[in-house]
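In what follows, a single structure is set out as structure tokens and then discussed.
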Amino acid sequence: MKTPPLPRLRAELLRWYRRNQRPLPWRNCPTDVYRQMLAECMLQQTQVATVIPYYERWLERFPTIQSLAAAEQDEVLKYWAGLGYYSRARNLHSSAQQIVQQRGGKFPGSAEEWMQLPGIGRYTAGAICSIAQRQRQPILDGNARRVLSRWFALRAQPSPRTTAKLWQLAEQVMPKNNCGDFNQAMMELGATICRPREPHCDTCPVTRYCQAFQQKIVQKIPVKKSTRSTPTVHLICVAITHRHRMLIRRRPPRGLWGGLWELPTHPVSARQDRTEAWQQLWQELWTGNNAQQPEVNWYDSRVRHQLTHRTIELTIGRVNMTSWTNKTPVTSARWIKPAERNDYALSRVMSKIWDWVVL
DNA sequence: AAGCCGGGGTG
DNA sequence: CACCCAGGCTT
């Protein structure tokens with residue numbers, strides 16, 4: 001593998017970055033460790049444009065790491081609701097508490113220490129250290145992976161070995177000083193110029209040092225991994241009302257939409273119909289209640305929701321418990337007024353269903 | 001090494 | 001639709 005003249009490549013890239021970087025909120029405060037930590041966590045697998053409004057709203061409610069550490073998880077999830085990958089919010093909350101309660105509010109001082117915290121992997125640790133703490137640490141995200149693969153014309157299949165090789169390259173190309181700017185420049189180039197599909201090689205500042213460009217194989221790099229199918233999962237979701245109140249339930253602390261609230265759902269397994277699923281859901285909500293359960297009015301149309309690796313198809317039902325005597329369900333559930341909906345963290349799809357059912 | 005975890009932007 | 005996004009964690 002040919003190595004480009006690194007000093008010149010670094011200089012050209014940094015020059016381009018200083019002139020062309022996008023004005024992003026977290027770039028106004030590069031050495032604010034809390035804000036950088038927040039941004040990096042929100043940006044995991046999430047595009048910049050999606051993050052910005054969440055980032056701003058979050059900082060109004062949790063301006064400091066102390067305020068975040070002191071908050072209830074419910075409140076934290078509420079400000080993450082809709083952003084996806086909710087373990088990030090739980091982990092960030094937990095990390096904030098560790099920093100405040102166990103370290104007296106003092107942030108970790110090295111990448112190794114950062115990686116001890118939940119939700120902080122090698123990328124995030126490297127980003128915080130290099131950008132906010134001005135240390136010399138490499139990063140490797142989706143952008144850097146693509147940029148480096150092209151610079152070095154790396155044709156290897158995606159694999160842990162390839163990832164290790166790319167980390168090695170990331171370490172090799174980073175400059176002695178200004179490592180944070182260089183890392184950001186690499187990501188910025190990947191996001192705006194060296195894009196996956198239609199890279200703007202005509203405006204790229206470093207084509208002279210790009211092996212893939214020189215060999216005219218930019219489009220073929222990086223090698224994509226084979227795509228998996230997206231199976232469809234069927235769920236029922238039942239809006240249970242009583243005296244103008246809606247029954248909502250907190251989902252289990254881990255797993256899909258962990259810790260968020262929902263109108264009660266239950267999977268409809270193969271060779272099973274919605275009525276059987278409703279019976280099982282009923283048992284979950286009113287454990288040990290053997291009385292006859294009410295009939296559900298099912299809507300004809302279904303709600304489809306696309307996730308990355310699966311399609312969710314929901315059958316929506318409605319139950320009004322007018323003359324029901326045993327109105328108290330399990331502790332994870334509660335009756336709320338429609339106006340109280342904004343007090344609870346709902347996933348995107350549940351938000352959609354709520355509007356559909358309530359309005 | 002592979003699966004799980006959301007939701008949105010984009011061609 | 002398909003692909004990918006400033007990834008991390010569990011199995």
Side-chain angles (χ1 to χ4, degrees), chain A residues 21-22 24-27 36-55 77 80-92 94-95 114-128 130-132 137-148 157-164 166-167 170 180 182-192 194-199 219 222-231 233 251-260 304-312 345-352:
Chain A
Q21 62 174 283
R22 296 167 291 179
L24 304 179
W26 43 91
R27 289 189 175 150
Q36 206 60 43
M37 176 187 178
L38 171 65
E40 291 304 340
C41 288
M42 284 189 165
L43 285 163
Q44 288 168 7
Q45 289 290 282
T46 309
Q47 296 187 342
V48 165
T50 307
V51 164
I52 290 175
Y54 283 88
Y55 176 85
L77 285 174
W80 201 281
L83 196 52
Y85 286 134
Y86 298 98
S87 63
R88 293 183 296 173
R90 302 194 302 266
N91 286 333
L92 178 60
S94 173
S95 290
W114 275 108
M115 287 175 67
Q116 301 300 312
L117 294 171
I120 312 269
R122 187 169 176 189
Y123 162 76
T124 307
I128 298 172
S130 65
I131 298 169
Q137 286 290 335
I139 56 97
L140 185 69
D141 73 324
N143 291 309
R145 179 181 293 271
R146 187 170 53 256
V147 167
L148 289 169
Q157 295 285 132
S159 73
R161 227 190 106 181
T162 305
T163 299
L166 285 164
W167 271 109
F182 179 83
N183 287 341
Q184 291 187 84
M186 212 161 40
M187 294 190 279
E188 191 82 351
L189 188 75
T192 61
C194 196
R195 305 184 306 178
R197 301 216 197 157
E198 294 173 22
Q219 304 279 0
V223 178
K224 281 171 271 187
K225 54 178 97 171
S226 59
T227 58
R228 291 196 299 271
S229 62
T230 62
V233 178
R251 292 182 60 84
R254 297 181 208 286
L256 189 63
W257 301 308
L260 273 67
R304 288 174 71 84
H305 187 73
Q306 192 66 49
L307 301 184
T308 304
H309 297 302
R310 82 184 76 176
T311 303
I312 313 268
L346 301 182
S347 68
R348 214 62 141 177
V349 61
M350 202 47 66
S351 203
K352 197 158 63 180

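Numbered from 1 within each chain, the chains take letters A, B, ... in sequence-line order.
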note = A:Tyr123 OH to C:dC9 P, in whole Å, measures 14 Å

task = Going 5' to 3' through nucleotides 4-11 of chain B, assign each nucleotide B (protein heavy atom under 4.0 Å from a base atom), S (under 4.0 Å only from sugar-phosphate atoms) or - (no protein heavy atom that close).
result = -BBBBS-S

Side-chain (A:Asn183) to main-chain (A:Gln137) donor-acceptor, under 3.5 angstrom = yes

ask   = What is the ring orientation for A:His305 with A:Trp257, classed by angle as parallel under 30°, tilted 30 to 60°, or perpendicular over 60°?
value = tilted

inquiry  = Output the rounded distance in Å from CG (A:Leu38) to P (C:dG7).
reply    = 15 Å

task = To the nearest 0.5 Å, tell me how far A:Met187 CE sits from A:Leu43 CG.
result = 8.5 Å

key: Distance, P atom - from C:dC9 to B:dG8, rounded to whole angstrom   = 24 Å

query = Cut-off 3.5 Å, side chains only: do A:Arg145 and A:Thr162 have a donor facing an acceptor?
reply = no

message = Over all strands shown, is A:Val48 touching base, sugar-phosphate only, or nothing at heavy-atom distances under 4.0 angstrom?
response = sugar-phosphate

message = Could you tell me how far C:dA6 sits from B:dC4 if I compare only their P atoms? Round to whole Å.
response = 24 Å

task = Write down the distance between CH2 (A:Trp26) and C1' (C:dA6), rounded to a whole number of angstrom.
result = 9 Å

query = Rounding to a whole Å, what distance do you find between A:Leu189:CG and C:dA6:P?
reply = 12 Å

request  = Take atom CG of A:Asp141 and atom C1' of C:dG8, then tell me their distance rounded to the nearest Å.
outcome  = 14 Å

task = Verify, without hydrogens or angle tests, whether A:Glu40 (side chain) and A:Ala127 (backbone) share a donor-acceptor contact under 3.5 angstrom.
result = no

ask   = At under 4.0 Å between heavy atoms, what does A:Ser159 touch on the DNA or RNA strands: base, sugar-phosphate, or nothing?
value = nothing

message = Can you tell me how far apart CD1 (A:Ile131) and CD1 (A:Ile139) are? Round to the nearest 0.5 Å.
response = 7.5 Å

inquiry  = Rounded to whole Å, please give me the gap between CG in A:Leu92 and C1' in C:dA6.
reply    = 15 Å

ask   = Can you tell me how far C1' of C:dC4 sits from CZ of A:Arg145, to the nearest Å?
value = 13 Å

ask   = Within the side chain of A:Arg310, is there an N or O that forms a donor-acceptor pair under 3.5 Å with the backbone of A:Thr230?
value = no

message = Regarding A:Arg27, tell me which of base, sugar-phosphate or nothing describes its non-hydrogen contacts under 4.0 Å with the strands shown.
response = base

message = Heavy atoms only, 4.0 Å cut-off, all strands: where does A:Leu24 land among base, sugar-phosphate and nothing?
response = base

request  = Taking atom P in both C:dT11 and B:dG6, compute the distance separating them and give it to the nearest angstrom.
outcome  = 16 Å

ask   = What integer distance in Å separates A:Trp114:CH2 from C:dG8:C1'?
value = 16 Å

